Protein chains: 2
Amino acid sequence: MAETARHSETRYGNRPTMKDVAARAGVGLKTVSRVVNSEPGVTPDTERRVQEAIEALGFRRNDSARVLRKGRTASIGLVLEDLADPFYGPLSRAVEEVARAHGALLINGSSAEDPEREQELALALCARRVDGLIVIPAGDDHRYLEPEIKAGVATVFVDRPAGRIDADMVLSDSFGGAREGVAHLIAHGHRRIGFIGDQPRIHTATERLRGYHAAMADAGTRVEDSWVSLGPTDPDRVRAATERMLSGPEPVTAVFAGNNRVTVTVVRVLAEQERRIALVGFDDIELADLLGITVISQDAAAVGRTAAEHLFRRLDGADHTPARVELPTTLIARGSGELPPA
Amino acid sequence: MAETARHSETRYGNRPTMKDVAARAGVGLKTVSRVVNSEPGVTPDTERRVQEAIEALGFRRNDSARVLRKGRTASIGLVLEDLADPFYGPLSRAVEEVARAHGALLINGSSAEDPEREQELALALCARRVDGLIVIPAGDDHRYLEPEIKAGVATVFVDRPAGRIDADMVLSDSFGGAREGVAHLIAHGHRRIGFIGDQPRIHTATERLRGYHAAMADAGTRVEDSWVSLGPTDPDRVRAATERMLSGPEPVTAVFAGNNRVTVTVVRVLAEQERRIALVGFDDIELADLLGITVISQDAAAVGRTAAEHLFRRLDGADHTPARVELPTTLIARGSGELPPA
DNA sequence: TAGGCCCTGGACAACGTTGTCAGCTGAATG
DNA sequence: CATTCAGCTGACAACGTTGTCCAGGGCCTA
């Protein structure tokens, strides 16, 4: 007896279906479908009757059934690292705007920099049959997406390259940006320059480190091991790393911060110092202008927009070979990067 | 002839179905279903054969069909104002975490403060049959959601109250927070205090204004019309409003900023002034500690978490009457709010 | 007035999955 | 050796929608 009760409660409160609407309006099922989809071939009078029935019953089309029938979901998935990160907010929003322009919804999730969670999320989105997928890689092996891509899920990797798979990518010029930033410090007289970046398994982290080394090499400047620190970007570690560089036998006179989270912490630590230490950070930050922080800026919104547009171009049938787009960065001088060595 | 070609290309690259897997593994359809859902009653040997077929064909379950059959989508919708706003990032992330803990995906969209777009989005999510809906209202009439709520979509309104409908809400104490912030300024000797807030149709904006008036009245302090400015929070308008208050016949000595966007712009304008103007802002901001900005902080993550937990409690069957939760705010003194009148 | 055409409306199958139920096999039991 | 039972397995319907196709009726024309 509990059987039937449970049943009727479970499936979303017994929502009315087109069949119910049809019955109430005294028309055929298909006619309701035509009205709901604004298809031609329905008399104004019939349409009115159907609309009234829809109104009265509180009917709403079940898109799951629609998707099942049509094959397209009009939705795309976005797997990013952390929705709460100020870099990804604008990126996500830009993707959403493009999706909206194409009549698609956005489903997104955060991987929290965990490769397993990235995979889990991406595959869950594929199971929902998103038309396309934008992934900010946490892991470095994306072969698990091969069947999906082959099956037609338009996929674009963003911010970091895909691993062991040939696919579309939209990246920022991490190497060039870091190189320019460090060269900027060198140009202002610095030689002992620290680098604090993210974990080495993250591509952008190693690219930026590579840029650092390139700039130092360009200037014929030696690099001490103790000036470089890669690892998780939680405040505690970054703080410790910064303080270590500032207090060693050969203390640095400038720091290059590998991303926005690092920059924020480094700024705090530097504010506590007596010496004025120069700083250039990768990624712009809100209010950085007021704090006078010199940054290498990458346009998160542009990255997201580019990726999404690329994705929809793919969906619209263009099946050129996988493309790799690299967007330039901009150095914005605001003071902290122009301080002379102390 | 193009007919068949178009057809076969359209539906997502002819993905394999359970039927295909069954055929390849030489088993029945239902057995594949059992394996995919880890249901009991399958011989290890059979399971292996099925797994191999799945592997070989690159099969992935079609969740649309599953949803159609089962009635639950294991996903919730979040309609917010702007994903790129630093207040909503953490909120969204908190919702996501709770959803994840309940095995649900998050679909979200930005209303851009447009009531029509809010409705469009919310209803689109309902058509996808999300199990629950979290809405940060842009409009002030949510009767359009009545049939959905009646049909079983667990709905929670956040940050601002629902309009003309009885539903669950999770709010911050805008009135109390603003009152405390303004009282703080008064306690530090200010009498001519400006208020810059969002458009009056936004509930939190008027609540905060009410708090401002309450604090001023508490102190028996007169309020000039020219000290109050409500409107869109784009930098240009806020800048103009701020400059007007600072240059009138009775210039203010302190400003209360109605939200984070306003605060950011006001900080910029104040930095250009010769006089030191006191400031308290509603919402905390990244790096506000370094800039010494005193704020009324509301915990965005806590708001999101509370709302999501409430939603899932609803889904789990608790059908108490609609609840209204109000979360407290915290004043964080950092210097800008403690400046004496100039 | 008869014939043909267009316009509207409806019956039916199909989308890919899961729930129900019945059949089959092999082992355990009388 | 017959019978029962349990454990696997598969056939079939159903979920709610849309595409296909056909029927009926009104209107125009010859």
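Numbered from 1 within each chain, the chains take letters A, B, ... in sequence-line order. A quick note: this is a predicted structure, and the numbers were derived from the prediction, not measured.
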Short question: side chain of B/Arg24, backbone of B/Ala53 - any donor-acceptor pair under 3.5 Å?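 Pair absent, no side-chain N/O of B/Arg24 close to backbone of B/Ala53.
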Taking atom [atom2] of [N] as reference, at what distance in whole Å does atom [atom1] of [X] sit?
X: A/Lys70; N: D/dT18; atom1: NZ; atom2: P; value: 7 Å
X: A/Asp20; N: D/dG16; atom1: CG; atom2: C1'; value: 10 Å
X: B/Arg72; N: C/dT18; atom1: CZ; atom2: P; value: 17 Å
X: B/Leu68; N: D/dT18; atom1: CG; atom2: P; value: 12 Å
X: A/Met18; N: C/dC15; atom1: CE; atom2: P; value: 19 Å
X: A/Arg128; N: C/dT17; atom1: CZ; atom2: P; value: 15 Å
X: B/Arg66; N: D/dC15; atom1: CZ; atom2: C1'; value: 14 Å

Which part of the nucleic acid, if any, lies within contact of B/Asn37, taking any heavy atom under 4.0 Å across all strands shown: a base, the sugar-phosphate backbone alone, or nothing? sugar-phosphate
Assess whether atom CD of B/Glu55 is packed by more than 12 heavy atoms of other residues, nucleotides or ligands within 6.0 Å.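 No, CD of B/Glu55 has 12 or fewer neighbouring heavy atoms, counting only those of other groups under 6.0 Å.
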Considering residues, nucleotides and ligands other than B/Asp140, do more than 12 of their heavy atoms fall under 6.0 Å from its CG? no
For residues B/Pro161 and B/His203, report the shortest heavy-atom separation together with the two atoms involved. CD-ND1, 3.0 Å
I'd like to check the side-chain contact (heavy atoms from CB on, under 4.5 Å) partners of [X]; sequence neighbours left out, ordered by chain and number.
X: B/Glu39; result: B/Lys30, B/Arg34, B/Asn37
X: B/Ala307; result: B/Ile134, B/Val156, B/Val158, B/Val170
X: B/Asp85; result: B/Glu81, B/Asp82, B/Phe87, B/Tyr88, B/Asn260, B/Arg261

Flag side-chain contact, heavy atom, 4.5 Å: A/Ile165 against A/Ile149: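 Contact flag for A/Ile165/A/Ile149 side chains = yes.
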Distance test, side-chain N/O of A/Arg61 to OP1/OP2 of D/dT18, below 4.0 Å: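 Yes.
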Are OP1 or OP2 of C/dT18 and a side-chain N or O of B/Ser33 less than 4.0 angstrom apart? yes
Verdict with reasoning, A/Arg93 to B/Ser110, per side chain to side chain contact (heavy atoms under 4.5 Å, CB included): CA-CA 8 Å; A/Arg93 178 66 195 274; B/Ser110 308; 3.6 Å; yes
Pairing of A/Glu96 and A/Arg100 as salt bridge, 4.0 angstrom limit: no
Just the atom pairs and distances: protein N or O near nucleotides 23-27 of chain D's N or O, under 3.5 Å.
none

So which protein nitrogen or oxygen atoms get under 3.5 Å of nucleotides 8-14 of chain C's nitrogens or oxygens?
residue, atom, partner, partner atom, Å
C/dT8, O3', A/Thr43, OG1, 2.9
C/dG9, OP1, A/Thr43, OG1, 3.1
C/dG9, OP1, A/Thr46, OG1, 2.3
C/dG9, OP2, A/Thr43, N, 3.2
C/dG9, N7, A/Arg34, NH2, 3.1
C/dG10, OP1, A/Gly28, N, 3.2
C/dG10, OP2, A/Gly28, N, 2.3
C/dG10, OP2, A/Thr31, OG1, 2.8
C/dG10, N7, A/Arg34, NH2, 2.9
C/dG10, O6, A/Arg34, NH2, 3.4
C/dA14, N3, A/Arg69, NH1, 3.3

Starting from the C-alpha separation in whole Å, work towards a yes-or-no answer on side-chain hydrogen bond (donor to acceptor under 3.5 Å, both in side chains) for B/Glu148 and B/Thr155. CA-CA 9 Å; B/Glu148 312 298 330; B/Thr155 306; over 6 Å; no
Five pairs per end, C1' atoms only: what is the angle between the end axes of the helix from C/dT1-D/dA30 to C/dG30-D/dC1, to 10 degrees? 50°
